[in-house]
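Notes for the one structure printed next.
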Amino acid sequence: MKSSFESIILLLIIELCVIFCDDIQNCRLRNDTAARRKYMQRLSPLQGQKFQVDHEGLSYVIAICTNASKDHANSSVTEEKPGVIPSTVLGRYNDTDIVGGESWVLLTYGSGDSDNSSADCKSNRKAQVFITCKEEAQEPVLHFLEYNKNWKTAGCFFSFEIQTSALCPKVGLSNGSVFCIIFLTSFGVYLLIGVAYRRLIGGAKGFEQIPHYNFWKELGNLQADGCNFVCRRDMHREESWRRLTNNFNDPHDDRDDALLRP
C-alpha cells in the first residue's frame with residue numbers, strides 16, 4: 001500500500017513538472033550566433049505559448065520554444081489525426097534555426113518524424129513557422145500554408161504563419177529620450193521665467209538675471225573642487241611634500257643663519 005502511494009506521489013510530481021517546467025525550456029539553436037539570439041529575443045512575448053489550427057481534417061499544434069505535446073520530448077510542432085494516438089512530431093525545439101528581417105521572423109524546427117505514407121519523403125520532416133507583423137491582430141493568429149514533399153530541392157516540410165502585433169517594430173521615443181525632453185523643457189521654462197522675473201520685477205542686470213545665480217555659481221565651484229580632489233589629489237600631495245622638503249634642503253636659504261651665530 002505504501003509503495004502504491006509513493007508511486008502516485010511520484011507521478012503527480014512528474015506531471016506538475018511537465019506542466020510548470022515545460023514553459024521555461026528554451027530553443028536550442030543549430031548555429032548559435034549573436035544575430036540568431038537577437039531574433040530569439042524578439043520572440044520573447046510569444047515564448048511558452050501554444051497555437052492550434054485545423055486543416056483538411058488534421059489538427060496542428062505549434063509551441064514557441066516549449067513542448068506542444070507532453071507525449072513527445074522536445075516537440076514544438078505536432079500533427080494530430082482524429083482517433084489516432086499518439087500525435088506525430090513535425091519539428092522539435094532542440095533543433096532550431098531562425099532568420100529574420102525588420103518585421104518578420106522565420107523559425108525552423110527540425111528533427112521531425114519521417115513520413116512513412118509518402119514514397120517521396122522518408123527523411124525527417126521539419127516545420128517552418130513564418131511569424132509576421134500585423135498591427136490589427138489583438139491575439140496571435142495561426143494559419144496553415146502548405147506541406148512541401150519535394151525533398152530533392154527543399155526537403156519535406158510544413159509551412160505555417162503566425163500573425164501577431166508583438167513582432168511589429170516599436171514606433172516612438174524611448175524612455176531615455178522622453179526623460180531628456182521633459183528635463184530640457186522644464187529647465188528651459190525655469191530659466192525663461194526666472195530671467196523675466198528678475199529683470200522685470202527685481203531690476204537685475206547681466207549675470208544677476210539668472211535665477212538662483214549664487215547657487216549655480218557655487219555649484220560650479222564645488223564641481224571643480226570635487227574634480228581636483230578626485231583626479232588630482234595625488235599630484236597635490238606630492239607637490240606639497242616636495243615644497244616642504246625643498247625648504248629644508250635649499251643651500252641658498254640663509255634666513256636662519258643669523259640666529260645660529262654666537
Is [X] reaching over with its side chain to a backbone N or O of [Y], donor-acceptor style, under 3.5 angstrom?
X: W104; Y: L167; result: no
X: S111; Y: N124; result: no
X: N74; Y: R92; result: no
X: K134; Y: P140; result: no
X: Y60; Y: H143; result: no
X: S75; Y: S69; result: yes
X: R125; Y: D113; result: yes

Contacts of type salt bridge (charged side-chain N to carboxylate O under 4.0 Å, His left out), residue D97, not counting sequence neighbours: R36

Salt bridge (charged side-chain N to carboxylate O under 4.0 Å, His left out) partners of R42, counting only residues at least two apart: none

Pairs flagged by ring-ring contact (aromatic ring centres under 6.0 Å, His included) wherever residues 36-56 is involved - sequence neighbours left out: H55-F144

Check against side chain to side chain contact (heavy atoms under 4.5 Å, CB included), V129 and I62: CA-CA 9 Å; V129 185; I62 294 179; 4.1 Å; yes

Restricting to non-hydrogen atoms, name the atom on [X] and the atom on [Y] that form the minimum distance, rounded to 0.1 Å.
X: A127; Y: V77; answer: CB-CG2, 3.7 Å
X: I98; Y: M40; answer: CD1-SD, 3.5 Å
X: E161; Y: T132; answer: OE2-OG1, 3.1 Å
X: S87; Y: T78; answer: OG-CB, 4.0 Å
X: G110; Y: K126; answer: CA-CB, 3.9 Å
X: F157; Y: Y147; answer: O-CD1, 3.3 Å

About how many Å separate [atom2] of [Y] and [atom1] of [X], when rounded to the nearest 0.5 Å?
X: C27; Y: I64; atom1: SG; atom2: CD1; value: 7.5 Å
X: L43; Y: I162; atom1: CG; atom2: CD1; value: 9.0 Å
X: I131; Y: L142; atom1: CD1; atom2: CG; value: 10.0 Å
X: N67; Y: S76; atom1: CG; atom2: OG; value: 7.0 Å
X: H212; Y: I210; atom1: NE2; atom2: CD1; value: 12.5 Å
X: S159; Y: L106; atom1: OG; atom2: CG; value: 8.0 Å

Taking a hydrophobic cluster as the set of Ile, Leu, Val, Met, Phe, Trp and Tyr residues connected by side-chain heavy atoms closer than 4.5 Å, whether directly or through intermediates, do [X] and [Y] fall within one such cluster?
X: F207; Y: W216; value: yes
X: V89; Y: F160; value: no
X: L58; Y: Y109; value: yes
X: I182; Y: L184; value: no
X: Y213; Y: F187; value: yes

Any side-chain heavy-atom pair of L107 and Q128 under 4.5 Å: no

T96 vs T108 side-chain heavy atoms within contact, under 4.5 Å: no

Which atom pairs, donor and acceptor, lie under 3.5 Å between side-chain atoms of residues 193-203 and protein residues at least two apart or in another chain?
unit_1: R198; atom_1: NE; unit_2: E208; atom_2: O; d: 2.6
unit_1: R198; atom_1: NH2; unit_2: E208; atom_2: O; d: 2.9
unit_1: R199; atom_1: NH1; unit_2: Q209; atom_2: OE1; d: 2.8

V141 vs T164, side chain to side chain contact (heavy atoms under 4.5 Å, CB included): CA-CA, chis, key distance, verdict: CA-CA 7 Å; V141 180; T164 174; over 6 Å; no

D32 bridged to R37 by N-O distance under 4.0 Å: yes

With D54 via side-chain contact (heavy atoms from CB on, under 4.5 Å) - residues at least two apart: Q52, S59

From CA spacing to verdict: side chain to side chain contact (heavy atoms under 4.5 Å, CB included), V61, E80: CA-CA 8 Å; V61 178; E80 298 179 359; 4.3 Å; yes

E146: partners by side chain to side chain donor-acceptor pair (under 3.5 Å), with sequence neighbours left out: none

